[in-house]
2 protein chains.
Amino acid sequence: MLAAKLRDLILSGEIEPGKSLPTERELVGDSGLSRSSVREALRVLEVEGLITTRPGRSGGSTVQLPGRGSVARSMQLFVRSHSIRVEALLETRVGVEPFLASLAALNATDREVEEMAAIHKRFEESIDNVVAYKRINLDWHLAVARASRNEVLIALMEAVSQPIFDAADYQEVTTPEIRKAAIRAHAGILKAIEARDAKGAAARMEKHVSAYADVMRSKLMLDTGAS
Amino acid sequence: MLAAKLRDLILSGEIEPGKSLPTERELVGDSGLSRSSVREALRVLEVEGLITTRPGRSGGSTVQLPGRGSVARSMQLFVRSHSIRVEALLETRVGVEPFLASLAALNATDREVEEMAAIHKRFEESIDNVVAYKRINLDWHLAVARASRNEVLIALMEAVSQPIFDAADYQEVTTPEIRKAAIRAHAGILKAIEARDAKGAAARMEKHVSAYADVMRSKLMLDTGAS
DNA sequence: CCTCGCGATTGGTCTTATCATTCGTAATTT
DNA sequence: AAATTACGAATGATAAGACCAATCGCGAGG
């Protein structure tokens, strides 16, 4: 199909990101297909995140690279449609985040360390604003993931985190004590990363995420037990 | 848009998997849109893995759940288009597979243990058939992943493994000695899983995958160094 | 009772036309 | 001369109708 042909063109790098595909009417001429077919092909590529298309005079289909958001959306669809056990998501974090922390300790640039520290500062200040706390917490974990410089795992974390934070009735899971503990944990992890102490960062992260998962699990048990 | 509306219908469970959507012409009537627009909406859902559509009399669009293959495809696009460093993929395996092994030790059913053992048996027999060896090796790792019962990580492994095995010029990376070592490693991991020894399984898997990654890395260094 | 084939149903494609959006350009105004 | 405005062209978005291709149900014929 045409979509496959165009996809190959894009993936093989023959059309660089930022450059435009021919217009729909030109593609009709080139391919011998009808307008509808061409449009369906373009729609496929659009869903795959390979192009964006704008209407208007200098519109058209612009080639782009499927960002991590593309993978994340796909993963979210997967999670939602399978009503994946929140268990599995928590488990995933427990499995992956310590590793990310150790990678971050090894690979983080100064710039990234600064960013994590800045987020952490805001985190400390948000201790009695639950909504902000929730968002900043997510930001921090994603910042650590980004500092790992492993694109695949970054994408995974982005895909997995959102559903967790959505699913969690966070306001009820988060007591002030828990928040204080989280801040301490983050501080410790950050210090280990700054010291380039991979093992330490992993160990602290493992403890932190496990604790979070345990709290979450007990909350879930109560919920399902009560229903 | 119509796609969003139908997607919500599916995700909210109002249309069960296996059931059929209205025919395209019915959707035209219901929505007031044109056939082309309806078709584009369906094409979007198809790419997202939410429906499959067959032509013919009792054809139509059948609702299904986006399988792990859907996530894997998205991940593969991501990997290909970003020319992600094989490094990152190897790193991902090193980070995730030990954890999967420990989960497998905890969660695998007898049925799954049997399956892994069966694959391992074929693995041992394939020692001088490189092509078979390659495929069976992949099978075994995926079987371990499946035994972890963590859908998210299973999907990740399926997404990541294929590109690794594609990228690797496996025949050159695999010497008979390496193959023998892999068989021994698999045997050890399998034994740990059977004994429900999570820590042991993780440690052995970590060693195995790290060794593989090292071999691969040195091969890559040579390649890039020589080019 | 089985087999073959016709026709109906459904997705797949094509054609043509029209609408909506954007931008370049030229006419108009200041 | 410069700025503003209005028109038109290019381009994607949508629509309507027709026909093709594949598939299956069902009836005619063996």
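What you see is a predicted model; the values in this text were computed from it and never measured.
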- prompt: Going by the angle between their ring planes, with limits at 30° and 60°, are B:Trp140 and B:His120 parallel, tilted or perpendicular?
  reply: tilted
Ring centres under 6.0 Å, that's the criterion: do B:His82 and B:Phe78 meet it?
yes
Closest heavy-atom pair, A:Leu11 versus B:Leu77, reported as atoms and distance to 0.1 Å, is CD1-CD2, 3.7 Å
Within residues 16-23 of chain A, the residues having a heavy atom closer than 4.0 Å to DNA chain C are none
Query raised in the report: Taking the six-membered ring for Trp, are A:His141 and A:His208 parallel (under 30°), tilted (30 to 60°) or perpendicular (over 60°)?
Result: parallel
Separation of D:dA13 atom P from B:Arg43 atom CZ, nearest Å, is 16 Å
Charged N to carboxylate O under 4.0 angstrom, B:Arg7 versus B:Glu48?
-> yes
Detail all sub-3.5 Å separations between protein N/O atoms and N/O atoms belonging to nucleotides 15-22 of chain C.
| unit_1 | atom_1 | unit_2 | atom_2 | d |
| --- | --- | --- | --- | --- |
| C:dT22 | O2 | A:Arg57 | N | 3.0 |

* Quick one: are A:Met216 and A:Ile164 in side-chain contact, heavy atoms under 4.5 Å? -> yes
A:Glu40 CD to D:dG12 P, in whole Å, measures 16 Å
d(B:Ser81 OG, A:Ile10 CD1) to nearest 0.5 Å is 10.0 Å
Rounded to whole Å, CD of A:Glu24 lies from P of C:dC14 at a distance of 14 Å
Tightest non-hydrogen contact, residues B:Ile51 and B:Leu42, listed as CD1-O, 3.5 Å
Counting only heavy atoms not in B:Asp110, do more than 12 sit closer than 6.0 Å to its CG atom? no
Exactly one candidate in A:Glu151, A:Glu112, A:Glu115 meets side chain to side chain donor-acceptor pair (under 3.5 Å) with A:Arg146; the answer is A:Glu115
When the rotation axes relating C1' atoms of four end pairs to the next four are compared across the helix from C:dC1-D:dG30 to C:dT30-D:dA1, five pairs an end, they differ to 10° by 10°
For residues A:Val96 and A:Leu156, determine if any side-chain heavy atom of one lies less than 4.5 Å from a side-chain heavy atom of the other. yes
Separation of D:dA13 atom P from B:Leu2 atom CG, nearest Å, is 16 Å
Atom CZ of B:Arg39 and atom P of D:dA16 are separated, to the nearest Å, by 17 Å
Atom CG of A:Leu42 and atom C1' of D:dT14 are separated, to the nearest Å, by 15 Å
ask   = OP1 or OP2 of D:dA13 sitting under 4.0 Å from any side-chain N/O of B:Ser37?
value = no
